[in-house]
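Start at 1 with the first residue, then count along the sequence.
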Amino acid sequence: MENQENTTQHEAPQEAPQTVPPVANEAAADLSRRDFVKGATLLTSTAVFAGAYGALGTNYAHAQGNGRIKIGWVGCGGRGNGAVRESLDAAPEMQLWAVGDAFDKAGGSRNGVKNDAKYKDKVDCPDERCFSGFDAYKGVIDSGIDLMVHATPPGFRPIHVAYAIEKGKHVFAEKPFGVDAWGVQQILAAAKMADEKKLSIVAGTQRRHQKSYIETINKIKEGAIGDIVSGQCYWNQGGLWDRGGRDKYKNDMEWQMNQWYYFTWICGDLVVEQHLHNLDVMNWVIGAHPVSAVGMGGRQIRVQPQFGHIYDHFATELTYPGGVKVLSFARHMDNTAGNVSEFIQGSKGTSNCSSRIWVKGEKEWAAPGGGRDAYQQEHIDMINGIKAGKPLNEGVAVAESTLTAILCRECSYTGKQISWDSLLNSGQKLFQAKHEWGPVPTPPVARPGRTVVNRVDVSQEMIDELKKQGDAPKPV
């Protein structure tokens, strides 16, 4: 749950604009991750504060009372640490109010921010507002916050986001917005409720806030490359972190929570947790989600038991409305060609979606550049929208991008062509048990032609059976 680093902290290739021409991209994917932006634009007038708070609504009672926007931080891994600092940098009135994590690390994470001279005056989080355990998110949300910054592993996101919106809190949540069809349905319902309550849901899909992407995609939508006919997107890189096998931990749940990337019920697999970024760009530039997909994938390199049951490569053909085809590739294998990018072809020209447009007979167009770091900009955009009384709600868009990624996974896992509607309405819910420390089964590796969409990775019956057998460490 709210325990470990989201792999956004480990996505070795930085999602920077690609500048190669529109041919098979050979760009190396070994680019650095984000640097924290130093400082944010400062508001200096208390009159500005007063005017802004007037638009915040009844859910902003706390902020109006002390001139602060109270942040509740859920998920104390590396990505959470980055996101909460970016949120604190988004405006002078931001304040860290409560912290929660499944493991007993909230207080230490709070101290890490508080002991940074940059934030020492922005932390008001006593020990009684540091929560641990699987219900820590409730303690944080119910403590009087205005905004939740959420960076748990993805499997917990639908539950936590839905609870925050129900309680009238704004939400910044890392991507993806779930790992199965059930989770996507929860987010879609929460997004509708957020609109009704005038609440924000902003996601860690930073490309949507990156100036060069916005300018390039706006030109495409204005007709710069004509009608879109096809596209390609990639997330190919080496392997990720590894925190070891089952024998290092007290019980199965502790192991899977620490090694969360390698279990679909909590991560979604690499095509959902990482490649979602590129698929999100495809949906954005095309202006729709796919209607079906067919693909293949497998587990060829990461085959040891410590790597759970996920795949290490995927290849998918997505069909969009009007017959537009998009090819999607995702891979985690060391010593292989790296590529993190998106491309689109139109009836008149092509684009890398991020910064360049090529039209035959015309000079190459390049985005002017500039703008803040997109990881910081997404928080600034969120806070500006809240203060202006025009909250951003990206819930539907990112829920659809999440289901797009799940569609890629499921057509590879099952070997079937799968439609959007059948997946969305499948009722797929991978984890159907109580969240508690103790035994948890390792799901089998998916076998195309045999694995089905409407399956359960972890059920209470499975856990109860393991309890009968005892929860001794298994050899790896």
Side-chain angles (χ1 to χ4, degrees), residues 1-4 102-103 133-138 152-163 176-187 189 245-246 249-273 299 305-311 402-403 405-407 409-416 418 422-474 476:
M1 191 191 70
E2 25 347 9
N3 61 314
Q4 298 297 314
F103 291 93
F134 287 101
D135 285 337
Y137 73 100
K138 292 183 178 179
T152 77
F156 297 99
R157 198 149 294 132
I159 301 168
H160 298 183
V161 169
Y163 187 80
F177 273 7
V179 298
D180 50 29
W182 176 86
V184 170
Q185 292 279 21
Q186 306 313 300
I187 295 293
R246 167 65 180 82
Y249 299 93
K250 296 177 182 177
N251 55 64
D252 294 330
M253 180 62 86
E254 182 179 304
W255 171 47
Q256 293 193 23
M257 294 278 282
N258 277 279
Q259 192 77 335
W260 63 267
Y261 200 94
Y262 303 103
F263 298 90
T264 304
W265 73 265
I266 192 171
C267 166
D269 210 320
L270 73 97
V271 73
V272 178
E273 210 287 330
R299 180 183 171 94
Q306 70 200 63
F307 294 116
H309 66 119
I310 69 168
Y311 280 9
T402 299
L403 195 71
I406 295 170
L407 186 65
R409 182 191 74 208
E410 290 304 312
C411 68
S412 293
Y413 275 18
T414 65
K416 307 293 186 181
I418 299 176
S422 69
L423 177 59
L424 180 61
N425 298 314
S426 67
Q428 182 194 67
K429 186 178 183 183
L430 298 180
F431 189 96
Q432 298 186 26
K434 293 182 290 186
H435 291 115
E436 58 185 7
W437 304 114
V440 180
T442 296
V445 176
R447 301 177 66 184
R450 298 188 181 185
T451 296
V452 298
V453 170
N454 196 9
R455 65 187 181 279
V456 179
D457 278 359
V458 178
S459 70
Q460 192 61 48
E461 290 75 16
M462 295 174 189
I463 290 176
D464 291 342
E465 181 60 31
L466 288 177
K467 286 180 179 179
K468 294 177 183 177
Q469 300 172 14
D471 192 28
K474 287 80 175 173
V476 293

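For Ile187 against Pro158, the heavy-atom pair with the smallest separation is CD1-CA, 3.9 Å. Across all non-hydrogen atoms, the minimal contact from Phe103 to Asn258 is CZ-ND2, 3.6 Å. What you find for His160 and Tyr137 is that their closest heavy atoms are NE2-CD2, 3.2 Å. Shortest non-hydrogen contact noted between Cys267 and Val272 is O-CG1, 4.4 Å. Across every non-hydrogen atom of Leu466 and Pro439, the tightest pair is CB-CB, 3.6 Å. Between Ile310 and Arg299, the shortest heavy-atom contact is O-NH1, 2.8 Å.
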Stepwise side chain to side chain contact (heavy atoms under 4.5 Å, CB included) check, Glu461 with Asp464: CA-CA 5 Å; Glu461 290 75 16; Asp464 291 342; 5.6 Å; no
Under the side chain to side chain contact (heavy atoms under 4.5 Å, CB included) criterion, do Val458 and Ile463 qualify, and how do the steps go? CA-CA 7 Å; Val458 178; Ile463 290 176; 3.9 Å; yes
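No side-chain N or O of Gln256 forms a donor-acceptor pair with one of Asp252 less than 3.5 Å apart. At a cut-off of 3.5 Å, with distance as the only test, a side-chain donor of Tyr413 or Thr264 sits close to an acceptor on the other residue.
Without hydrogens or angle criteria, Glu273 side chain to Pro154 main chain gives no donor-acceptor distance under 3.5 Å. Listed for the Gln185 side chain is no donor-acceptor partner under 3.5 Å among the backbone atoms of Ala181. At least one donor-acceptor pair closer than 3.5 Å links the side chain of Gln460 to the backbone N or O of Lys434. A donor-acceptor pair under 3.5 Å is formed between the side chain of Arg409 and the backbone N or O of Gly268. Proximity of a side-chain donor or acceptor of Thr402 to a complementary backbone N or O of Phe177 within less than 3.5 Å is detected.
A tilted orientation is assigned to the rings of Trp437 and Phe134, their planes being inclined by 30° to 60°.
Residues Val179 and Ile266 have side chains not in contact (no heavy-atom distance under 4.5 Å, counting atoms from C-beta outward).
Taking CG of Asp269 as the start and OH of Tyr261 as the end, the distance is 7.5 Å to the nearest 0.5 Å. Going from atom CD of Glu254 over to atom CZ of Arg246 covers 8.5 Å, rounded to the nearest 0.5 Å. Atom CG in Leu430 sits 12.0 Å away from atom OG in Ser459 (nearest 0.5 Å). To the nearest 0.5 angstrom, Asp457 atom CG is 5.0 Å from His309 atom NE2. One finds the NZ atom of Lys429 at 8.0 Å from the CG atom of Asp180 (value rounded to the nearest 0.5 Å).
Listed by chain and number, the residues in a ring pair (Phe, Tyr, Trp, His ring centres under 6.0 Å) with Phe263 are Trp255 (sequence neighbours excluded). When the ring pair (Phe, Tyr, Trp, His ring centres under 6.0 Å) test is applied to Phe431, the partners found at least two apart in sequence or on another chain are Trp265, His435.
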Less than 3.5 Å apart, which donor and acceptor atoms pair up between the side chains of residues 445-456 and the rest of the protein, not counting sequence neighbours?
| unit_1 | atom_1 | unit_2 | atom_2 | d |
| --- | --- | --- | --- | --- |
| Thr451 | OG1 | Arg447 | N | 2.8 |
| Thr451 | OG1 | Arg447 | O | 3.4 |
| Asn454 | ND2 | Ser426 | O | 3.4 |
| Arg455 | NH1 | Glu410 | OE1 | 2.8 |
| Arg455 | NH1 | Glu410 | OE2 | 3.4 |
| Arg455 | NH1 | Val452 | O | 2.9 |
| Arg455 | NH2 | Glu410 | OE2 | 2.9 |

